[in-house]
Novice: 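Please read through the structure below; I'll follow up with questions.
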Amino acid sequence: MKKKLSLLISLSLVAILILTGCGSGKSAKNENVFRVGMEAGYPPFNWTQMDDSNGAVKIEGSSEYAGGYDVEIAKKIAEGLGKELVIVKTEWDGLVPALTSGKIDAIIAGMSPTEERKETIDFSNNYYQSQLVMVVKNNGKYTNAKSLADFNGAKVTAQLNTFHYSVIDQIEGVKKQEAMDNFPAMRVALESGVIDAYVSEKPDATSAQAANSNFKMIELENGFVTNPEDTQTAVGINKNSDLTEKINEILSGISEEEQVNIMAEAVENQPAAQ
């Protein structure tokens with residue numbers, strides 16, 4: 001009986017030590033690392049490149065690096081938090097699940113703080129304000145378009161699970177195409193003639209025409225009707241997280257002028273292949 005009791009006590013002590021060790025490891029990780037999720041495929045907000053030039057950060061579990069506006073903002077936040085920045089490359093549809101499951105600490109991916117998303121996660125204050133535009137083929141049928149009405153009959157798409165796709169319905173007579181997974185795919189589709197245009201925000205469109213002379217950004221007169229938050233960009237954070245207040249404090253130290261300058265550098269530094 002004593003041997004049995006002694007064995008049970010020993011097993012209990014081992015279990016406690018294991019649990020304590022696991023808990024300590026998790027705590028240390030949370031204290032020292034700021035894990036940020038992004039597509040690394042939405043220039044100039046974020047992209048993938050093969051080296052650390054222009055301040056790019058290595059992507060976890062990959063030989064590739066992430067660069068762009070979001071990366072620069074993430075670096076400032078990580079520095080303000082006193083943590084090491086880790087970039088976790090994640091498909092757009094997987095960003096919110098990755099956050100809520102604890103795989104990442106924040107989403108910094110050109111994401112708008114829409115009311116629908118706010119039902120699941122919280123957002124920081126705005127760290128960039130944009131506007132909706134159209135991207136078309138330069139010297140093509142819609143190169144001189146000025147308004148939504150000019151896209152009557154056009155084959156138009158946008159990224160899957162974004163408000164960009166829903167606003168296409170505001171174009172009378174449009175031939176709404178199936179939504180696409182990401183912006184590189186839409187650029188390929190546009191250049192090949194599969195689509196006539198895609199809906200985007202101004203930074204991406206500026207990036208597209210800077211990277212490829214075959215593309216042109218159309219800034220619309222009396223364009224899409226949107227809610228103010230639809231064209232804002234904010235950091236996605238878990239509900240009731242202690243990080244929200246800290247991140248807002250750090251973001252408040254980045255002036256609008258500095259935001260514009262960081263974005264201009266991102267457009268200039270994006271890899272040509274993007």
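Everything numeric here is computed off the predicted structure, so don't read it as measured data.
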Novice: Any side-chain heavy-atom pair from Q131 and L220 closer than 4.5 angstrom?
Specialist: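 SC-SC contact between Q131 and L220 ruled out.
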Novice: Could you list the donor-acceptor pairs under 3.5 angstrom formed by side chains in residues 190-199, with sequence neighbours left out?
Specialist:
unit_1, atom_1, unit_2, atom_2, d
E191, OE1, N212, ND2, 3.2
E191, OE2, N212, ND2, 3.4
E191, OE2, N214, ND2, 2.7
S192, OG, V188, O, 3.0
S192, OG, A189, O, 3.1
D196, OD2, K155, N, 2.8
Y198, OH, D204, OD2, 3.2

Novice: Please round to the nearest 0.5 Å and tell me the distance separating atom CZ of F163 and atom CG of N227.
Specialist: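 Nearest 0.5 Å value for the CZ-CG distance: 9.0 Å.
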Novice: Does a sphere of radius 6.0 Å around NZ in K103 hold more than 12 heavy atoms from other residues, nucleotides or ligands, not counting ones at 6.0 Å or beyond?
Specialist: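 Counting neighbours around NZ of K103, 12 or fewer heavy atoms of other residues, nucleotides or ligands fall under 6.0 Å, so no.
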Novice: Does some side-chain heavy atom of I107 sit less than 4.5 Å from a side-chain heavy atom of V36?
Specialist: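 No; the side chains remain at least 4.5 Å from each other.
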Novice: Mind checking whether P43 and R187 have side chains closer than 4.5 Å, heavy atoms only?
Specialist: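 Answer yes - side chains close enough.
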Novice: As an exercise, state the distance from CD of Q232 to CD of E201, rounded to the nearest 0.5 Å.
Specialist: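 With rounding to 0.5 Å, CD (Q232) is 10.5 Å from CD (E201).
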Novice: For the CG atom of N269 and the CD1 atom of I262, what is their distance to the nearest 0.5 Å?
Specialist: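 It comes to 12.0 Å.
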Novice: Is it the case that atom NZ in K146 sees more than 12 heavy atoms from other parts of the structure closer than 6.0 Å?
Specialist: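 No.
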Novice: Let me confirm one number: the NE2-CZ distance from H164 to F224, rounded to the nearest 0.5 Å.
Specialist: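 One finds 10.0 Å between NE2 of H164 and CZ of F224.
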Novice: For L85, does its backbone N or O pair with a side-chain atom of R35 as donor and acceptor, under 3.5 Å?
Specialist: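 No; zero donor-acceptor contacts below 3.5 Å.
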Novice: Roughly how far apart are W47 CH2 and S207 OG, rounded to 0.5 Å?
Specialist: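 Interatomic distance, W47 CH2 to S207 OG, rounded to 0.5 Å: 7.5 Å.
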Novice: In this structure, which one of T244, I237, I77 forms a side chain to side chain contact (heavy atoms under 4.5 Å, CB included) with S124?
Specialist: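 When T244, I237, I77 are each tested with S124, the side chain to side chain contact (heavy atoms under 4.5 Å, CB included) holds only for I237.
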Novice: Side-chain contact, heavy-atom cut-off 4.5 Å: T143 with I218?
Specialist: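 When only atoms from C-beta onward are counted, I218 and T143 do not touch, as no gap falls below 4.5 Å.
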Novice: Considering residues, nucleotides and ligands other than K118, do more than 12 of their heavy atoms fall under 6.0 Å from its NZ?
Specialist: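 Yes, enclosed.
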Novice: Mind jotting down which residue pairs meet the side chain to side chain donor-acceptor pair (under 3.5 Å) criterion with at least one end in residues 66-79? Sequence neighbours excluded, please.
Specialist: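 Output for this query lists N46-D70, D70-Y127, E72-K75, K76-E258.
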Novice: Relative to the ring of F151, is the ring of Y142 parallel (under 30°), tilted (30 to 60°) or perpendicular (over 60°)?
Specialist: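 Y142 and F151: parallel rings.
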Novice: Do L132 and V167 have side-chain heavy atoms sitting under 4.5 Å apart?
Specialist: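 In short, these two side chains touch, coming nearer than 4.5 Å.
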Novice: Considering all heavy atoms of both residues, which atom of F215 and which atom of A208 are nearest to each other, and what is their separation?
Specialist: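 Reported closest heavy-atom pair: CD1-O, 3.6 Å.
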Novice: Output all residues satisfying side-chain contact (heavy atoms from CB on, under 4.5 Å) with T114, sequence neighbours left out; order by chain, then residue number.
Specialist: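 Partners of T114 under the side-chain contact (heavy atoms from CB on, under 4.5 Å) test: S112, E116, R117, D230.
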Novice: Is the shortest heavy-atom distance from the side chain of T100 to the side chain of N238 under 4.5 Å?
Specialist: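 Sidechains of N238 and T100: in contact.
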Novice: Spell out, as yes or no, whether a donor-acceptor pair under 3.5 Å connects the side chain of D150 to the backbone of S147.
Specialist: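 The answer is yes, because a donor-acceptor pair under 3.5 Å joins these two groups.
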Novice: So, do M111 and L95 sit near enough that their side-chain heavy atoms are less than 4.5 Å apart?
Specialist: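 Counting from C-beta outward, M111 and L95 do come under 4.5 Å.
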Novice: Could you walk me through whether K202 and E219 pass salt bridge (charged side-chain N to carboxylate O under 4.0 Å, His left out), step by step?
Specialist: CA-CA 8 Å; K202 190 172 180 178; E219 295 188 68; 3.3 Å; yes
Novice: Mark yes when over 12 heavy atoms from residues, nucleotides or ligands other than Q170 sit less than 6.0 Å from its CD; otherwise mark no.
Specialist: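 More than 12 heavy atoms, drawn from other residues, nucleotides or ligands, come within 6.0 Å of this atom.
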Novice: Let me confirm one number: the NZ-CE distance from K216 to M134, rounded to the nearest 0.5 Å.
Specialist: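 It is 13.0 Å, given to the nearest 0.5 Å.
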Novice: Run the side-chain hydrogen bond (donor to acceptor under 3.5 Å, both in side chains) check on T90 and E39 step by step: do they pass?
Specialist: CA-CA 5 Å; T90 309; E39 286 179 284; over 6 Å; no
Novice: Decide salt bridge (charged side-chain N to carboxylate O under 4.0 Å, His left out) for K58 and D52; before the verdict, give the C-alpha distance in whole Å, the side-chain angles of both, and the deciding distance to 0.1 Å.
Specialist: CA-CA 7 Å; K58 199 169 190 301; D52 63 355; over 6 Å; no
Novice: With a 4.5 Å cut-off on side-chain heavy atoms, are E64 and Q49 touching?
Specialist: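 A side-chain contact is absent here, since even the closest heavy-atom pair is not under 4.5 Å.
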